[in-house]
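A short write-up of the structure that comes next.
Source: prediction; values computed, not measured.
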Amino acid sequence: MSSLAGRVALVTGAGRGLGRAHALALSRAGAAVVVNDVGRGVDGSGDAEDVGAATAAELVAEGGTAVADTSDVSTFEGAQAAVSAALDVFGRIDILVNNAGITGGGRLHGTDTRLIERIFAVHVTGTLGTIRAALPRMLENGWGRIVNTVSEAALTAAPGGGVAYGAAKAAVWSATLSLARDCEGTGVTVNGLSPGARTRMSAAAIDAGYSPRALDLDPSHVARVVAYLSSEQAADINGHVIHVAGPHIREYSNVRRSRDTELVARLERELGSGAPRQR
């Protein structure tokens with residue numbers, strides 16, 4: 001993989017778990033890293049812990065260049081502040097990894113309103129806000145890499161019935177594809193990553209059997225793909241959604257309309273078709 005020397009990366013939610021692994025991989029490839037994390041619980045609550053500073057110190061101890069940032073990306077102002085941390089310290093931003101996320105809730109009618117709002121704020125506002133702040137600089141420089149974290153929960157029922165979480169991830173998935181189209185030919189790429197890794201947030205679902213227990217779900221497997229997508233070699237990869245679980249890499253294909261399904265046949269049989277069939 002080509003070196004990321006001279007590049008500056010912002011990784012949100014980088015104090016622990018997947019974000020920490022992403023920060024380590026990018027730093028080891030030569031990028032200067034802004035380690036953003038508010039240090040709260042998996043549902044966004046609780047007292048803040050200075051986990052970002054610990055990860056930044058770890059990167060520096062390895063010989064890398066890193067600073068910690070505690071901006072709350074769940075607001076557009078906080079997202080702008082996180083990007084500004086990269087610009088103020090390093091003078092540029094080349095790589096944006098939107099990893100920050102929270103979970104919680106279950107059935108929609110049983111989930112606290114504030115938790116639903118918090119889930120959407122962290123995932124959707126956190127993603128759109130940082131991109132909105134960073135993209136003009138990337139376009140100006142003619143180079144940029146954006147990696148957004150999505151989830152299979154956007155396409156299938158989330159473990160435990162996390163309706164708000166799945167809906168928020170679906171919004172990020174859609175935004176990723178639209179932004180990728182907008183950035184075609186600019187030197188900026190936008191891709192989605194659906195991770196399968198054992199972290200503080202995913203441990204309960206994995207223990208419940210959502211993922212094979214025998215699979216090595218170390219976050220480093222996902223982070224190596226993030227580092228590659230952030231490299232010069234990945235300049236032609238834009239608008240893709242990739243799933244990584246352990247050593248296994250897969251790509252999601254876009255959902256397409258089809259007339260060749262049992263449901264369509266039933267509806268046309270029972271309701272009739274007033275026009276020629278179209279795909």
Kindly give the heavy-atom pair with the smallest separation between [X] and [Y], and that separation in Å.
X: Ser151; Y: Ser194; result: CA-OG, 3.8 Å
X: Ala223; Y: Ala21; result: CB-O, 3.3 Å
X: Val222; Y: Gly196; result: CG2-O, 4.1 Å
X: Ser3; Y: Ala29; result: OG-O, 3.5 Å
X: Ala175; Y: Leu128; result: CB-CD2, 3.8 Å
X: Arg145; Y: Met138; result: O-CE, 4.0 Å

How long is the straight-line distance from [atom2] of [Y] back to [atom1] of [X], given to the nearest 0.5 Å?
X: Arg92; Y: Leu87; atom1: CZ; atom2: CG; answer: 10.0 Å
X: Phe120; Y: Ser74; atom1: CZ; atom2: OG; answer: 14.0 Å
X: Glu184; Y: Arg181; atom1: CD; atom2: CZ; answer: 8.5 Å
X: Asn141; Y: Ile93; atom1: CG; atom2: CD1; answer: 10.5 Å
X: Ser71; Y: Gln80; atom1: OG; atom2: CD; answer: 10.0 Å
X: Leu4; Y: Ser230; atom1: CG; atom2: OG; answer: 6.5 Å

Is it true that atom CD of Glu251 has more than 12 heavy atoms of other residues, nucleotides or ligands lying nearer than 6.0 Å?
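Check passes, neighbour count above 12.
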Please tell me if the side chains of [X] and [Y] come closer than 4.5 Å, counting only heavy atoms from C-beta onward.
X: Val241; Y: Leu177; value: yes
X: Asp260; Y: Val264; value: no
X: Pro195; Y: Val244; value: no
X: Thr149; Y: Val172; value: no
X: Asn191; Y: Ile146; value: no
X: Val150; Y: Tyr252; value: no

Transitively linked via ILVMFWY side-chain contacts under 4.5 Å: [X] with [Y]?
X: Tyr228; Y: Val147; value: yes
X: Leu135; Y: Val11; value: no
X: Leu193; Y: Val190; value: no
X: Ile131; Y: Val188; value: yes
X: Leu179; Y: Leu10; value: yes

Using modelled atom types only, decide if a donor and an acceptor are shared between the side chain of Thr65 and the backbone of Ala32 within a distance under 3.5 Å.
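Absent.
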Can a donor-acceptor pair be found, under 3.5 Å and without considering hydrogens, that links the side chain of Asn99 to the backbone of His22?
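Not at all, since once roles are kept as given, no pair shorter than 3.5 Å links the two residues.
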Run the numbers on Thr189 and Ile237 for side chain to side chain contact (heavy atoms under 4.5 Å, CB included), then give the verdict.
CA-CA 7 Å; Thr189 65; Ile237 303 175; 6.0 Å; no
Below 4.0 angstrom, N of the basic side chain to O of the carboxylate: do Glu58 and Arg20 qualify?
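Yes, Glu58 and Arg20 are salt-bridged.
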For the side-chain contact (heavy atoms from CB on, under 4.5 Å) test, which of Val33, Leu24, Val35, Asp37 pairs with Thr55?
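Going through the options one by one, the only one that passes is Val35.
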Report the residue from His221, Arg224, His243 that forms a side-chain contact (heavy atoms from CB on, under 4.5 Å) with Ile249.
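Answer after filtering His221, Arg224, His243: Arg224.
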Please identify which of these residues, Thr125, Asn36, Asn98, Asn148, meets the side-chain hydrogen bond (donor to acceptor under 3.5 Å, both in side chains) condition with Thr130.
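One option only clears the test, and that one is Asn98.
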